[in-house]
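One structure coming up, written as C-alpha coordinates, with questions to follow.
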Amino acid sequence: MDTHINSESVQEQACGALQTFSFDDGNRLILMKMGAVDKTLHAMDSHLKSENVQERACVVLWNFAVDYPKALIKKGAADKLLQAMDNHITSEIVQENACGALW
(Lines give C-alpha, C1' and ligand atoms only; values in the text may rest on other atoms or scores of the structure.)
Protein backbone atom coordinates (compact mmCIF):
# COMPACT_ATOMS: atom_id res chain seq x y z
CA MET A 1 0.00 0.00 0.00
CA ASP A 2 2.90 2.34 0.71
CA THR A 3 4.58 1.95 -2.66
CA HIS A 4 1.44 2.69 -4.67
CA ILE A 5 -0.33 5.14 -2.37
CA ASN A 6 -1.31 7.35 -5.31
CA SER A 7 -2.99 4.51 -7.19
CA GLU A 8 -6.68 4.50 -6.40
CA SER A 9 -7.17 1.01 -7.81
CA VAL A 10 -4.30 -0.46 -5.76
CA GLN A 11 -5.61 1.15 -2.58
CA GLU A 12 -9.14 -0.06 -3.32
CA GLN A 13 -7.95 -3.63 -3.82
CA ALA A 14 -5.63 -3.50 -0.81
CA CYS A 15 -8.44 -2.23 1.43
CA GLY A 16 -10.63 -4.99 0.01
CA ALA A 17 -8.03 -7.58 0.98
CA LEU A 18 -7.70 -6.08 4.47
CA GLN A 19 -11.48 -6.11 4.71
CA THR A 20 -11.49 -9.85 4.08
CA PHE A 21 -8.52 -10.68 6.31
CA SER A 22 -9.65 -8.46 9.20
CA PHE A 23 -13.04 -10.15 9.39
CA ASP A 24 -11.34 -12.95 11.37
CA ASP A 25 -10.62 -11.95 14.95
CA GLY A 26 -7.42 -14.02 15.00
CA ASN A 27 -6.08 -12.06 12.06
CA ARG A 28 -6.87 -8.65 13.54
CA LEU A 29 -4.10 -8.77 16.15
CA ILE A 30 -1.53 -9.72 13.52
CA LEU A 31 -2.78 -7.06 11.11
CA MET A 32 -2.82 -4.43 13.87
CA LYS A 33 0.83 -5.17 14.64
CA MET A 34 1.62 -4.91 10.92
CA GLY A 35 0.16 -1.40 10.74
CA ALA A 36 -2.99 -2.25 8.79
CA VAL A 37 -5.06 0.47 10.47
CA ASP A 38 -2.45 3.15 9.78
CA LYS A 39 -2.21 2.05 6.14
CA THR A 40 -6.00 2.10 5.83
CA LEU A 41 -6.19 5.62 7.25
CA HIS A 42 -3.43 6.72 4.87
CA ALA A 43 -5.38 5.28 1.93
CA MET A 44 -8.46 7.20 3.09
CA ASP A 45 -6.44 10.44 3.27
CA SER A 46 -4.93 9.88 -0.16
CA HIS A 47 -8.23 9.10 -1.91
CA LEU A 48 -10.82 11.30 -0.22
CA LYS A 49 -13.06 11.43 -3.28
CA SER A 50 -12.97 7.70 -4.07
CA GLU A 51 -16.21 6.13 -2.92
CA ASN A 52 -14.78 2.64 -3.40
CA VAL A 53 -11.64 3.26 -1.32
CA GLN A 54 -13.67 4.97 1.41
CA GLU A 55 -16.30 2.21 1.50
CA ARG A 56 -13.76 -0.59 1.80
CA ALA A 57 -11.68 1.34 4.32
CA CYS A 58 -14.78 1.93 6.46
CA VAL A 59 -15.40 -1.82 6.59
CA VAL A 60 -11.77 -2.44 7.59
CA LEU A 61 -12.14 0.06 10.42
CA TRP A 62 -15.48 -1.46 11.42
CA ASN A 63 -13.79 -4.86 11.72
CA PHE A 64 -10.99 -3.44 13.88
CA ALA A 65 -13.45 -1.44 16.00
CA VAL A 66 -14.75 -4.74 17.39
CA ASP A 67 -11.51 -5.41 19.28
CA TYR A 68 -9.61 -2.12 19.26
CA PRO A 69 -12.03 0.83 19.63
CA LYS A 70 -9.66 2.87 21.82
CA ALA A 71 -6.71 2.33 19.48
CA LEU A 72 -8.80 3.49 16.54
CA ILE A 73 -9.86 6.63 18.38
CA LYS A 74 -6.21 7.39 19.25
CA LYS A 75 -5.22 6.96 15.61
CA GLY A 76 -7.89 9.41 14.44
CA ALA A 77 -10.18 6.87 12.81
CA ALA A 78 -13.38 8.55 14.01
CA ASP A 79 -12.37 11.76 12.23
CA LYS A 80 -11.63 9.85 9.03
CA LEU A 81 -14.97 8.03 9.21
CA LEU A 82 -16.86 11.29 9.70
CA GLN A 83 -14.90 12.85 6.86
CA ALA A 84 -15.84 9.94 4.59
CA MET A 85 -19.48 10.46 5.52
CA ASP A 86 -19.23 14.18 4.73
CA ASN A 87 -17.45 13.60 1.42
CA HIS A 88 -19.87 10.85 0.31
CA ILE A 89 -23.14 12.09 1.73
CA THR A 90 -25.19 10.47 -1.07
CA SER A 91 -23.42 7.10 -0.88
CA GLU A 92 -25.58 4.69 1.08
CA ILE A 93 -22.79 2.12 1.34
CA VAL A 94 -20.22 4.59 2.72
CA GLN A 95 -22.79 5.95 5.17
CA GLU A 96 -23.77 2.45 6.33
CA ASN A 97 -20.22 1.20 6.81
CA ALA A 98 -18.93 4.38 8.46
CA CYS A 99 -21.86 4.31 10.89
CA GLY A 100 -21.17 0.65 11.60
CA ALA A 101 -17.57 1.44 12.45
CA LEU A 102 -18.62 4.33 14.68
CA TRP A 103 -21.33 2.35 16.47
For the student: nearest non-hydrogen atoms of Gln95 and Met85, plus distance: NE2-O, 2.8 Å
Minimum heavy-atom distance Gln54-His88, with the two atoms named: CG-NE2, 3.5 Å
Over all atoms of both residues, closest heavy-atom pair of Phe64 and Met32: CE2-N, 3.9 Å
Shared hydrophobic cluster, Phe23 / Val37 (ILVMFWY, side-chain heavy atoms < 4.5 Å): no
Side-chain (Asn27) to main-chain (Phe21) donor-acceptor, under 3.5 angstrom: yes
Shortest non-hydrogen contact between Asn63 and Ser22, atoms and distance: ND2-OG, 2.9 Å
Gap separating the OG atom of Ser7 from the NE2 atom of His47, nearest 0.5 angstrom: 6.5 Å
Leu72 with Met1, same ILVMFWY side-chain cluster at under 4.5 Å: yes
Smallest separation among heavy atoms of Leu61 and Met44, with atom names: CD1-SD, 3.7 Å
Check: Trp62 side chain, Gly100 main-chain N or O, donor-acceptor pair, under 3.5 Å: yes
CG-NZ distance between Leu18 and Lys39, expressed to the nearest 0.5 angstrom: 9.5 Å
side-chain contact (heavy atoms from CB on, under 4.5 Å) against Ile5, all qualifying residues, sequence neighbours excluded: Gln11, His42, Ser46
Leu82 reachable from Leu48 in the ILVMFWY side-chain graph, under 4.5 Å edges: no
Minimum-distance pair of heavy atoms, taken over all atoms of Val94 and Ala84: CG1-O, 3.7 Å
Gap between atom CG of Asn52 and atom CD of Glu8 - 0.5 Å precision: 7.0 Å
Val66/Asp25 under side-chain contact (heavy atoms from CB on, under 4.5 Å): CA gap, chis, key distance, verdict: CA-CA 9 Å; Val66 171; Asp25 58 349; over 6 Å; no
ILVMFWY cluster, Leu102 and Val60 together (side-chain gap under 4.5 Å): yes
CZ on Arg28 to CG on Leu31, rounded to 0.5 Å: 9.5 Å
Reference residue Asp38; test salt bridge (charged side-chain N to carboxylate O under 4.0 Å, His left out); the match among Lys33, Lys75, Lys74, Lys80: Lys75
Contacts of type salt bridge (charged side-chain N to carboxylate O under 4.0 Å, His left out), residue Asp79, not counting sequence neighbours: none
Test side-chain contact (heavy atoms from CB on, under 4.5 Å) applied to Arg56 and Asn97, step by step: CA-CA 8 Å; Arg56 284 166 178 76; Asn97 290 318; over 6 Å; no
Hphob cluster co-occupancy, Val59 + Tyr68, side-chain heavy atoms under 4.5 angstrom: no
